[in-house]
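What follows is a short report on a single structure.
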Amino acid sequence: MTGSDAKADLRFYLQSARDALLWKLEGLSEYDIRRPLTPTGTNLLGLVKHAAGVELGYLGDTFGRPSGEPLPWHDESTEEGAEPNADMWATADEPRGRIVELYRRAWAHADATIDALALDTVGRVPWWPDGRDEVTLHHAVVRVIADTHRHAGHADIVRELIDGAVGMNKGNDSMPPGDAVWWEGYRSRLERAAREAGRDA
């Protein structure tokens, strides 16, 4: 496989994860995209905000290609430092459109890095410990793909909790056919199996 083929494969899987993450916002209110639906606060817009910062960091700053995008939630210059988890949720005055556009600019910046550099180019991750901070572009892209797909999976579950909508991407939900009655029966069957297994344990 040539370097360009490898880059095409990496770009394909990265873009599919990006698209899936944004698709999960479609058709929802400002409230619903911000709702914390797990005990640790996982929410749809926060996942997008986080993913933007990940791309700008790993596929920008790491390779000496800063984007110039202000990310105030990472600002360590204040006396208090950056608020923990500030990249995982959106404040009321951070509009959806602003975060989505930031994410799209992050894509463009990351894609330009992938296009400009060889996959064996070595960068340094600014937030990793000295002496263990070197990474190749190939490794960084794989790391970002894994992170984005992981969060797309989180988004799929959160969206299902909001309105029942599920699926891998807009053109292919990758789900077996079945109406609401079928799914309720399926879920009930799983619940029975879990209870039986629990009794036997």
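In this chain, residues are counted from 1 in sequence order. These values consider heavy atoms only, across backbone and side chains, with no hydrogens, waters or symmetry-generated copies.
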**Prompt:** To the nearest 0.5 Å, what is the distance between OG1 (T121) and CG (L117)?
**Reply:** 4.5 Å

**Shortest non-hydrogen separation from A17 to A152 and the atoms involved** = O-CB, 4.2 Å

**Prompt:** Is there side-chain contact between T113 and Y58, with heavy atoms separated by less than 4.5 Å?
**Reply:** no

**Request:** Using a strict cut-off of less than 4.0 Å between a Lys/Arg side-chain nitrogen and an Asp/Glu carboxylate oxygen, indicate whether E196 and R192 qualify as a salt bridge.
**Result:** no

**Request:** Would you confirm whether T62, through its side chain, and L59, through its main-chain N or O, come within 3.5 Å as a donor-acceptor pair?
**Result:** no

**Prompt:** Do Y13 and Y103 sit in the same hydrophobic cluster, where Ile, Leu, Val, Met, Phe, Trp and Tyr count as joined when their side-chain heavy atoms come under 4.5 Å apart?
**Reply:** no

**Prompt:** Distance from S29 atom OG to D163 atom CG, nearest 0.5 Å?
**Reply:** 10.0 Å

**Asked** In terms of hydrophobic clustering (I, L, V, M, F, W, Y; side-chain heavy atoms under 4.5 Å; direct or indirect links), are W23 and V166 co-clustered?
**Response** no

**Asked** Quick one: do V144 and I99 end up in the same hydrophobic cluster if we chain Ile, Leu, Val, Met, Phe, Trp and Tyr together by side-chain heavy atoms under 4.5 Å apart?
**Response** no

**Message:** Please determine whether side-chain contact (heavy atoms from CB on, under 4.5 Å) holds for the pair L10 and I145, giving the CA-CA distance in whole Å, both sets of side-chain angles, and the decisive distance to 0.1 Å.
**Reply:** CA-CA 8 Å; L10 293 168; I145 291 169; 3.8 Å; yes

**Plane angle bin for H139 and W128 - parallel if under 30°, tilted between 30 and 60°, otherwise perpendicular** = perpendicular

**Heavy-atom closest pair, residues R96 and R34** = N-NH2, 4.1 Å

**Asked** Atom CG of D111 and atom NZ of K7: how far apart are they, to the nearest 0.5 Å?
**Response** 11.0 Å

**Message:** Pair L119, T136 - check side-chain contact (heavy atoms from CB on, under 4.5 Å), show working.
**Reply:** CA-CA 7 Å; L119 289 174; T136 64; over 6 Å; no

**Message:** With a 4.0 Å cut-off on N to O distance, would you call D156 and R159 a salt bridge?
**Reply:** no

Tabulate below the donor-acceptor pairs under 3.5 Å that side-chain atoms of residues 42-50 make, not counting sequence neighbours, or state none.
{"residue": "T42", "atom": "OG1", "partner": "T38", "partner atom": "OG1", "Å": "3.2"}
{"residue": "N43", "atom": "OD1", "partner": "G46", "partner atom": "N", "Å": "2.7"}
{"residue": "N43", "atom": "ND2", "partner": "G41", "partner atom": "O", "Å": "3.0"}
{"residue": "N43", "atom": "ND2", "partner": "M88", "partner atom": "O", "Å": "2.9"}
{"residue": "K49", "atom": "NZ", "partner": "A86", "partner atom": "O", "Å": "3.1"}
{"residue": "K49", "atom": "NZ", "partner": "W89", "partner atom": "O", "Å": "2.8"}
{"residue": "K49", "atom": "NZ", "partner": "E94", "partner atom": "OE1", "Å": "2.9"}
{"residue": "K49", "atom": "NZ", "partner": "E94", "partner atom": "OE2", "Å": "3.2"}
{"residue": "H50", "atom": "ND1", "partner": "D87", "partner atom": "OD2", "Å": "2.7"}
{"residue": "H50", "atom": "NE2", "partner": "H151", "partner atom": "NE2", "Å": "3.3"}

**Fill in**
Residues P66 and D61: closest non-hydrogen pair is CA-OD1, 3.3 Å

**Message:** I'd like to know if D147 pairs up with R143 as an ion pair, taking the criterion as any Lys NZ or Arg NE/NH1/NH2 lying under 4.0 Å from an Asp or Glu carboxylate oxygen.
**Reply:** no

**Prompt:** Under a 4.5 Å cut-off applied to non-hydrogen side-chain atoms, are V54 and T148 in contact?
**Reply:** no

**Message:** Hydrophobic clusters here meaning ILVMFWY residues chained together by side-chain heavy-atom distances under 4.5 Å, can you tell me if Y31 and I162 are in one?
**Reply:** no

**Request:** Could you pull out the closest heavy-atom pair between A140 and V135, with the gap in Å?
**Result:** N-CG2, 3.9 Å

**Request:** Starting at CG of L25, measure out to CD of E30 and round the result to the nearest 0.5 Å.
**Result:** 9.5 Å

**Complete:** Smallest heavy-atom separation, F63 atom then G123 atom, equals CE2-N, 3.3 Å

**Request:** Step by step, work out the side-chain contact (heavy atoms from CB on, under 4.5 Å) result for L22 and W107.
**Result:** CA-CA 12 Å; L22 284 190; W107 298 358; 3.7 Å; yes

**Request:** Evaluate the side-chain contact (heavy atoms from CB on, under 4.5 Å) criterion for residues L71 and L102: first the C-alpha distance (whole Å), next the side-chain angles of each, then the deciding distance (0.1 Å), finally the verdict.
**Result:** CA-CA 10 Å; L71 302 177; L102 170 66; 4.0 Å; yes

**Request:** Just jot down the side-chain contact (heavy atoms from CB on, under 4.5 Å) partners of I157, sequence neighbours excluded, or say none.
**Result:** L161

**The single option from R105, R65, R18 passing salt bridge (charged side-chain N to carboxylate O under 4.0 Å, His left out) against E55** = R18

**Request:** Kindly give the heavy-atom pair with the smallest separation between L21 and A155, and that separation in Å.
**Result:** CD1-CB, 3.8 Å

